[in-house]
Amino acid sequence: MIYPDNRWKHAWDGFILFAVTFAAIEVPLRLVFGYTAKGWIFVADSLLAAIFLVDVVLQFYTVQSEQGRLIVDRSEVRRRYMKSWFVPDFLAALPFDLIFLLAGPLGLPALLAQRISRLVRMVRVLRLFHLAGILRTIQRQSTLHPGLLRMSILAYWILMAAHWVSCGWLAIVGSTGDPLLDYLNALYWCLTTIATVGYGDITPDRTNAVQLIYTMAVMVLGVGVYGYLIGNIATMIANLDVARAHHQEKMEQVTAFMRYRNIPPRLQSRIRNYYNYLWESRRGYDELSVITDLPDSLKADVVIHLNMEILEKVPIFRGSSNEFIRELVVELRPVVYTPGDYVFRRGELGERMYFVSKGRVEILTVDDIEIKATLGEGDFFGEMALLFHQPRTASARAAEYCDLYYLDRSTFDRVLRRYPEFKKKVVAFAEERSSRPHDAVAEGHASDV
Ligand code: CMP
C-alpha cells in the first residue's frame, strides 16, 4: 500500500497536478477552436490518458484517510474508491483521440466522431475536483509559508477560471480566424470584466441575448471573485510577516510606556537593546508560548530540538542517558542578558543555575571590581547556592549579549536526586570552585581549569 507521506507519491501528485492542468486548459480550447488532434497534441492526449490510467490503478493501492484515521485495508480502499471517484477518473483516463481514430473505420462518420470526442473529453475536467483534494493535502502538509501557498493556490484557480470564462466567451462570439489574437482578446475581455475594470472596448452585442446574459453572469461572478481576492490579499500581506509586525507593536508599546513613566534614557536604551537583540537572535518569538498548546510529549520533542544546541555545548551533559536529557531539557528556560546586566549579585538568595549558550559571563570577586573568571559557551554557574544552600558567593555579569538557559531550584534538586552521576559531576565542579582562593584572578573557561 502507498502511504500519504510517501516521497514518490508526492512526486506523482505533482505530476498529476501538471497533467490535469494541461487537460483543463486544452479541453475547452479544442472545444472552442475545433481543431483536430494531430502531431504532438495527439501524442500528448494519449500520454495523458496513460498517466490518468496509471493513477486510477495507483488509487486502488493508496491509503486513504478519513477524519485523521488511515484506511489501510485493501478491500476497504477499493470499495471506497469504486464508490467515489472511480467512474469519473476512469472516464477521464480513456484515450479519446485514439478511440475515435479507430472508430472512424468502424463506420462512424468522422465529423460526428470528432464532435462527440470533443464533448466527451470534458470529463477530464472533472479531475480538477479530485485535484482540489490533492491541493488541500499539499496545503496541509507543506512546510512552505502558509500565506504564500494559499495565495499561489488561489491564483491557480483564478487563472483557471479566467481561462474557462474566456473560452466560453469565444464560443459565444465566435472567432475571427486568428486563434491567438482571438484568445487574447477573450482573455482581455474576461480580465477587465472580472477585475471590475470594465473598459468597455469589448462589449456584448446588445442584440444578442446570450452574450448579454453571459456578460452579466461574469460580472456577478467577477464582483464575488474580486472581493474575495482583495480580502484575501489584504489578510495575507498583513500575515506575511506576523513576527515583525508583532515586534514593531511591542517596541511601540514599550517606547510609549517608557516615555510615560519617565524612564532614564540610559535604561531606555538598554531595554530597547534587549528587545532588538531578541528580535535579531530569535525573531522576537517567545518560543515557549508558541508551543504552549502542544501535548507534553510533543512539546518535549520540540523543546529537545530547540535546546539541542545547549545540550551539545555543555560538557557535563555529554554522554547522558536519553531519559536524563528528556527530563532536563523541558525544564531549561532561555533568558537573554545585554552587556553589563547582572545575572545575580553576591549575597543574594539563589534560585537558579545557569548554562551559557552564547556570549560571555563574568564572575566577579567580592568587591565586584576584579574578574574571578570568565565563563563562555557550554559553561555553567550558580550551582553553589543551590547545592550548599547558601547565598551567592560571587556576582555574575554579562560581558556581552548572552543567551543563557536556567534550571530552577526544584528541578535542580529533583534531577540531582534522580541522577547521582550528574550530581557527582556538578559537586566536583562546585567543590573545586569553592576551594579556590577568593582573591585569585582566574581567566578562561571554568571547564578547562
Ligand atoms: P553561586 O555561589 O551560586 O553564585 C556565584 C557563582 O559563581 C557560583 O555559584 C559558581 O557557579 C561561580 N563561581 C564561583 N567561583 C568560581 C570560579 N573560581 N570559577 C568559575 N566560576 C565560579
Side-chain angles (χ1 to χ4, degrees), residues 270 274 307 309-320 324-325 327-449:
R270 276 175 63 195
Y274 168 78
N307 292 357
E309 215 186 339
I310 183 75
L311 290 178
E312 280 165 0
K313 277 180 193 166
V314 178
I316 55 164
F317 289 157
R318 283 201 200 119
S320 308
F324 168 79
I325 298 279
E327 175 150 1
L328 190 83
V329 89
V330 283
E331 304 289 351
L332 284 175
R333 298 276 179 273
V335 259
V336 165
Y337 287 92
T338 58
D341 288 350
Y342 276 85
V343 182
F344 52 70
R345 288 174 198 262
R346 189 180 127 84
E348 282 178 2
L349 282 180
E351 287 297 330
R352 292 168 175 181
M353 169 185 182
Y354 294 86
F355 299 90
V356 185
S357 171
K358 226 184 267 165
R360 283 181 305 123
V361 173
E362 293 163 341
I363 304 296
L364 305 168
T365 46
V366 182
D367 46 11
D368 275 8
I369 295 175
E370 267 176 302
I371 299 165
K372 201 173 181 184
T374 303
L375 307 182
E377 243 183 65
D379 290 331
F380 60 87
F381 60 94
E383 78 291 353
M384 281 155 70
L386 300 190
L387 266 182
F388 308 134
H389 300 279
Q390 63 183 29
R392 296 289 189 198
T393 53
S395 302
R397 190 174 61 192
E400 49 195 48
Y401 283 102
C402 287
D403 283 347
L404 308 181
Y405 285 83
Y406 69 82
L407 272 186
D408 58 24
R409 181 188 283 279
S410 59
T411 320
F412 179 82
D413 287 345
R414 194 182 70 227
V415 169
L416 254 56
R417 229 179 301 122
R418 287 180 44 125
Y419 301 94
E421 277 301 301
F422 181 64
K423 180 172 182 173
K424 240 186 258 166
K425 289 186 198 167
V426 178
V427 170
F429 260 99
E431 279 173 348
E432 195 271 330
R433 282 171 172 176
S434 57
S435 67
R436 268 185 235 163
H438 273 297
D439 47 358
V441 178
E443 279 279 348
H445 287 200
S447 48
D448 48 47
V449 228

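Keep in mind that this is a model prediction, so the values were computed, not measured. We count ligands from 1, going down the list as the structure has it; atoms in each ligand are counted the same way.
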Checklist entry - Just wondering, are more than 12 heavy atoms of other shown residues or ligands nearer than 6.0 Å to CD in E309? => result no

Next on the checklist: Below 3.5 Å, N or O to N or O, backbone or side chain included: is there any such pair between A385 and ligand 1?
Outcome noted: yes

Item to check | Close approach, G382 and ligand 1, non-hydrogen under 4.0 angstrom | outcome: yes

Checklist entry - Is the backbone N or O of G340 less than 3.5 Å from a side-chain atom of R397, with the two atoms forming a donor-acceptor pair by type? => result no

Checklist outcome for this item: Min over A394, A373, S434, S435 of heavy-atom distance to atom 5 (C) of ligand 1 lands on A394

Item to check | The one among Q390, R392, E351 that brings a heavy atom closest to atom 4 (O) of ligand 1 | outcome: R392

Checklist entry - Of the backbone atoms (N, CA, C, O) and the side-chain heavy atoms from C-beta on, which set of T393 has a member under 4.0 Å from an atom of ligand 1: side chain, backbone, both, or neither? => result both

Checklist entry - ring pair (Phe, Tyr, Trp, His ring centres under 6.0 Å) between F355 and Y405: does it pass, once the steps are laid out? => result CA-CA 5 Å; F355 299 90; Y405 285 83; 8.3 Å; no

Checklist entry - Is it the side chain, the backbone, both or neither of F380 that has a heavy atom closer than 4.0 Å to ligand 1? => result neither

Item to check | Atom indices of ligand 1 within 4.0 angstrom of F381 heavy atoms, with elements | outcome: 11 (O)

Next on the checklist: Looking at S357, is its backbone amide N or carbonyl O close enough to the side chain of K313 to form a donor-acceptor pair, meaning the two atoms are under 3.5 Å apart?
Outcome noted: yes

Next on the checklist: Quick check against the 3.5 Å criterion: does E327 have a side-chain atom that pairs as donor or acceptor with the backbone of F324?
Outcome noted: no

Checklist entry - Of all the atoms in ligand 1, which lie at a distance below 4.0 Å from a heavy atom belonging to F344? => result 4 (O), 5 (C)

Checklist entry - Is there a donor-acceptor pair closer than 3.5 Å between any side-chain N or O of D341 and the backbone N or O of T338? => result yes

Checklist entry - Taking N or O atoms only and a 3.5 Å limit, does L375 qualify as a polar contact for ligand 1? => result no

Checklist entry - Between the side chain of T411 and the main-chain N/O of L407, is any donor-acceptor distance below 3.5 Å? => result no

Checklist entry - Among M353, M384, K372, R346, which one has a heavy atom closest to atom 1 (P) of ligand 1? => result M384

